[in-house]
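The structure appears below as structure tokens.
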Amino acid sequence: MTPLGRLRLGINIDHVATIRNARGGALPDPLRAAFLAEAAGADGITAHLREDRRHIRDSDIEALVAGISVPLNFECAATSEMQAIALRHKPHAICLVPEKREERTTEGGLDVAGDETRLAAFIAPLRDAGCRVSMFIGHEARQIEASAKIGAAVVELHTGRYCDLIAEGQTDAAAAELEALRLGATHAHSLGLEVHMGHGLDFETATHVAVFPEVVELNIGHFLIGEAVFRGLGPAIEEMRRRIDCARNGTQSA
Ligand code: PXP
């Protein structure tokens with residue numbers, strides 16, 4: 001068996017900004033979290049600038065672009081405002097997500113198949129600017145195929161439903177969802193797309209998807225920021241790194 005390549009670990013720092021914004025001041029500083037994440041072995045930093053600016057602010061994106069030395073994965077909705085911001089900063093990667101004002105987090109994947117023409121036109125200038133454009137989608141074949149058709153470089157498959165099923169103890173449904181994610185990763189890879197996964201992942205669920213050979217990057221936020229309260233951000237990320245590496249290498253993660 002060929003050894004699997006090292007999985008990239010992207011750390012989503014949105015929830016450091018959520019805590020900061022709860023008090024309206026400057027602390028805790030998401031940029032400091034990004035520096036700590038880098039020092040702990042993060043391969044990238046993810047930040048989602050939502051339309052309502054509920055966590056990450058425009059000034060955070062500016063500080064990240066200027067300050068971090070690992071790639072920035074800029075998450076946003078496919079709106080003209082976000083396109084202009086993305087084109088101004090030209091981050092390494094741009095991950096397009098669906099956004100509803102009333103949702104607590106990104107609840108489902110982007111409907112690429114239902115919005116092909118608009119999204120193809122939307123991503124063209126981002127690609128021309130040299131950014132890797134990623135579609136945050138479910139594992140359905142039609143969404144994967146539409147992402148390939150419109151010229152996305154990457155798909156990030158939404159693991160939220162899988163993680164919810166695990167949390168609810170719905171073992172059979174979780175196993176079926178995990179298999180669908182696996183097949184989705186294989187399908188996307190066969191179409192030339194780079195495959196990422198993310199949303200809701202924790203120490204356990206991350207190791208279940210880390211073993212898929214086609215997956216090259218995981219993006220993880222909420223669980224690690226929560227875990228940081230108890231063990232510190234650096235140690236939480238290092239533990240995640242260790243566990244996904246062990247899963248990937250087929251070694252024991254005691
Ligand atoms: N990937 C994408 C595209 C997301 O929207 C999010 C949540 O903002 C994540 C990964 C990280 O999810 P979580 O915070 O649940 O780990």
Side-chain angles (χ1 to χ4, degrees), residues 1-5 7-10 12 46 48 75 95-100 103-116 119 134-150 152 154-224 226-227 239-253:
M1 204 177 79
T2 10
L4 300 179
L7 201 50
R8 291 204 303 266
L9 177 59
N12 181 317
T46 293
H48 181 179
E75 256 186 52
C95 180
L96 296 183
V97 300
E99 224 176 82
K100 296 190 216 97
E103 70 191 354
R104 266 186 287 181
T105 180
T106 315
E107 281 163 5
L110 195 63
D111 181 15
V112 184
D115 202 8
E116 266 183 32
L119 287 173
S134 167
M135 299 285 141
F136 186 49
I137 56 172
H139 49 62
E140 302 80 19
R142 66 192 195 97
Q143 300 297 352
I144 294 168
E145 286 157 15
S147 300
K149 191 171 156 200
I150 67 166
V154 181
V155 285
E156 179 164 329
L157 301 185
H158 196 314
T159 49
R161 184 173 140 72
Y162 171 62
C163 295
D164 287 347
L165 290 167
I166 290 281
E168 290 158 13
Q170 298 198 48
T171 329
D172 291 349
E177 182 68 10
L178 185 63
E179 177 61 4
L181 284 165
R182 188 184 72 75
L183 292 172
T186 310
H187 188 44
H189 180 74
S190 75
L191 297 177
L193 291 158
E194 183 173 303
V195 185
H196 301 177
M197 286 194 183
H199 209 282
L201 295 170
D202 62 13
F203 285 144
E204 181 194 351
T205 49
T207 60
H208 298 168
V209 295
V211 295
F212 298 151
E214 297 85 3
V215 176
V216 300
E217 179 175 311
L218 299 182
N219 283 301
I220 309 181
H222 185 265
F223 170 77
L224 288 174
E227 194 62 16
E239 179 64 9
M240 181 61 82
R241 174 88 260 163
R242 191 182 70 78
R243 290 189 186 222
I244 60 176
D245 286 347
C246 286
R248 197 87 170 161
N249 302 332
T251 49
Q252 208 64 21
S253 98

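Everything quoted here is computed from the prediction, not taken from an experiment.
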| field | Beyond-backbone contact of T159 with T205, side-chain heavy atoms, under 4.5 angstrom | value | no

Q | Side chain R248, main chain F212, donor-acceptor under 3.5 Å | A | yes

One should read off an interatomic distance between L7 CG and I244 CD1, to the nearest 0.5 angstrom, of 4.5 Å

task = Side-chain contact test, heavy atoms from C-beta onward, threshold under 4.5 Å: evaluate it for E75 versus N219 and give yes or no.
result = no

Between F223 and F203, how do the two ring planes meet: parallel, tilted or perpendicular, split at 30° and 60°? perpendicular

The residue among E177, E140, E168 that forms salt bridge (charged side-chain N to carboxylate O under 4.0 Å, His left out) with R161 is E177

Smallest heavy-atom separation, I137 atom then S147 atom, equals CD1-OG, 3.7 Å

Between the CE atom in M197 and the NE2 atom in H158, the distance rounded to the nearest 0.5 Å is 12.5 Å

From the list E179, H208, H139, side-chain hydrogen bond (donor to acceptor under 3.5 Å, both in side chains) partner of Y162 resolves to H208

Donor-acceptor pair, D115 side chain versus D111 backbone, under 3.5 Å? no

Q) Hey, are R142 and E145 close enough for a salt bridge, meaning a charged N less than 4.0 Å from a carboxylate O? A) no

Of all heavy-atom pairs linking I150 and M135, the shortest is CD1-CE, 3.8 Å

Smallest heavy-atom separation, G200 atom then C163 atom, equals O-SG, 3.3 Å

When every non-hydrogen atom of G184 is compared with those of L157, the smallest separation belongs to C-CD1, 3.8 Å

dist T171:OG1 -> L165:CG (nearest 0.5 Å) comes out at 9.5 Å

Output for pair (L110 CG, E156 CD), nearest 0.5 Å, gives 12.0 Å

To the nearest 0.5 Å, atom CG of D245 lies from atom OG1 of T207 at 12.0 Å

Under 4.5 Å between any side-chain heavy atoms of V215 and V209, yes or no? no

Nearest heavy-atom contact between G138 and Q143 is O-CB, 4.4 Å

Review point. When you look at H48 and E99, which way does the side-chain contact (heavy atoms from CB on, under 4.5 Å) test go after all the steps?
Key: CA-CA 10 Å; H48 181 179; E99 224 176 82; 2.8 Å; yes

Separation between CD (E214) and NE2 (H187), nearest 0.5 Å, reads 12.0 Å

Smallest heavy-atom separation, M240 atom then L9 atom, equals CG-CD2, 4.1 Å

Heavy-atom distance under 4.5 Å between the side chains of V216 and H196, does that happen here? yes

